[in-house]
Amino acid sequence: MITRVARDAVVACVAIALGFALWRRNVASPLGVLGGGLLMAMSSWAIRGTVDDLVLRFQGLSRRGPEGATAGETGRKSAGFTLVKFFTRHGIVALAAYGMMVRLRLDPVGMLAGVASVAVAGAVEAIRDLRWRRLL
Amino acid sequence: MRTSRLVLSLMSVFVLVGLATPAYAQEAAAAASGSAAQWSIITAGFALAIAAFGAALGQGKAVASAAEAIARNPGAAGEIRGALILGLVLIESLVIYVLLISLILFFLNPFVG
């Protein structure tokens, strides 16, 4: 499902960028849309990595049961590393947003539209799921 | 003797602060009067704070529910993980909207000519 949503988000982002290019007739707007999509991609990358680590941890703990505390030292260390990675990636996202908007002067409305591409992809996926259920 | 000196010094501090506050307030009021730029910066800060608060609440609830579900049924971890990632990304997208709007208000303020 995640792969499908990611693919839909890329398609939606490119389609919105083309729409902005035709509507505004400049380069900054479609680049802004792509920049917004890039921001969402970076944010998704950060969330995905952290969730993968957390799920692995939960699965390991539930397999080990109450004796899972034996792995406490290494578990604690890797939890800290996961958190550091998560916050570093989100810092990179904030820095990229600043750079795109203030330094590169990309179109802010385009960037907002680019961020919305993941919501469009989620909506497309929901509609697709509803249609499949209705067919079944 | 010592108590009265302490009371006297405290009273003098209060008087000084009481005299200084209206002076600062007048300066601030003069600087801020009719300035939409300053209000937009305050608004941006509050918007970001409220968005971060709401998103943290929602994401915390989502992660707690997912952790509980995976602990109850580790076999369904893959599906729960997918739903969790999608939910977190959608919540995060709302925060990024607000971040972008705050950046617009901070740096590209449309209210400043």
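Chain naming here is simple, since letters A, B, ... match the order of the sequence lines and numbering starts at 1 in each.
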Answer with side chain, backbone, both or neither: which region of [X] has an atom nearer than 4.5 Å to a non-hydrogen atom of chain A?
X        : result
B/Ile104 : both
B/Leu84  : side chain
B/Leu99  : side chain

[X] portion near chain B, given a 4.5 angstrom heavy-atom threshold:
X       : result
A/Val5  : side chain
A/Ala46 : neither
A/Ile2  : side chain

Query raised in the report: Roughly how far, to the nearest 0.5 Å, is CE of A/Met111 from CD1 of B/Ile96?
Result: 9.5 Å
Query - Gap separating the CG atom of B/Leu88 from the OG atom of A/Ser43, nearest 0.5 angstrom - result: 9.5 Å
Report task. Evaluate whether atom CZ of B/Phe46 has more than 12 neighbouring non-hydrogen atoms of other residues, nucleotides or ligands under 6.0 angstrom away. Result -> no
Query raised in the report: In terms of heavy-atom contacts, does NZ of A/Lys85 have more than 12 from other residues, nucleotides or ligands at under 6.0 Å?
Result: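 It does: A/Lys85 NZ has more than 12 such atoms within range.
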Query raised in the report: Nearest heavy-atom pair of B/Val89 and A/Ser44: which atoms, and what distance?
Result: CG1-OG, 3.6 Å
**Report entry** Non-hydrogen atoms of B/Leu103 and A/Tyr98 that approach each other most closely
**Finding:** CD1-N, 3.9 Å
Quick check on the hydrophobic clustering: are [X] and [Y] connected, directly or via other members, by side-chain heavy-atom contacts under 4.5 Å?
X        : Y        : answer
A/Val115 : A/Leu18  : no
B/Tyr97  : B/Ile91  : no
A/Met40  : B/Val98  : yes
A/Ile16  : B/Ile101 : no
B/Leu90  : A/Val124 : no

Requested in this report: Heavy-atom pairs under 4.5 Å with chain B are the metric here; pick the option from A/Thr50, A/Val93, A/Leu39, A/Asp52 that has the most.
Outcome: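 Most heavy-atom pairs under 4.5 Å with chain B: A/Asp52.
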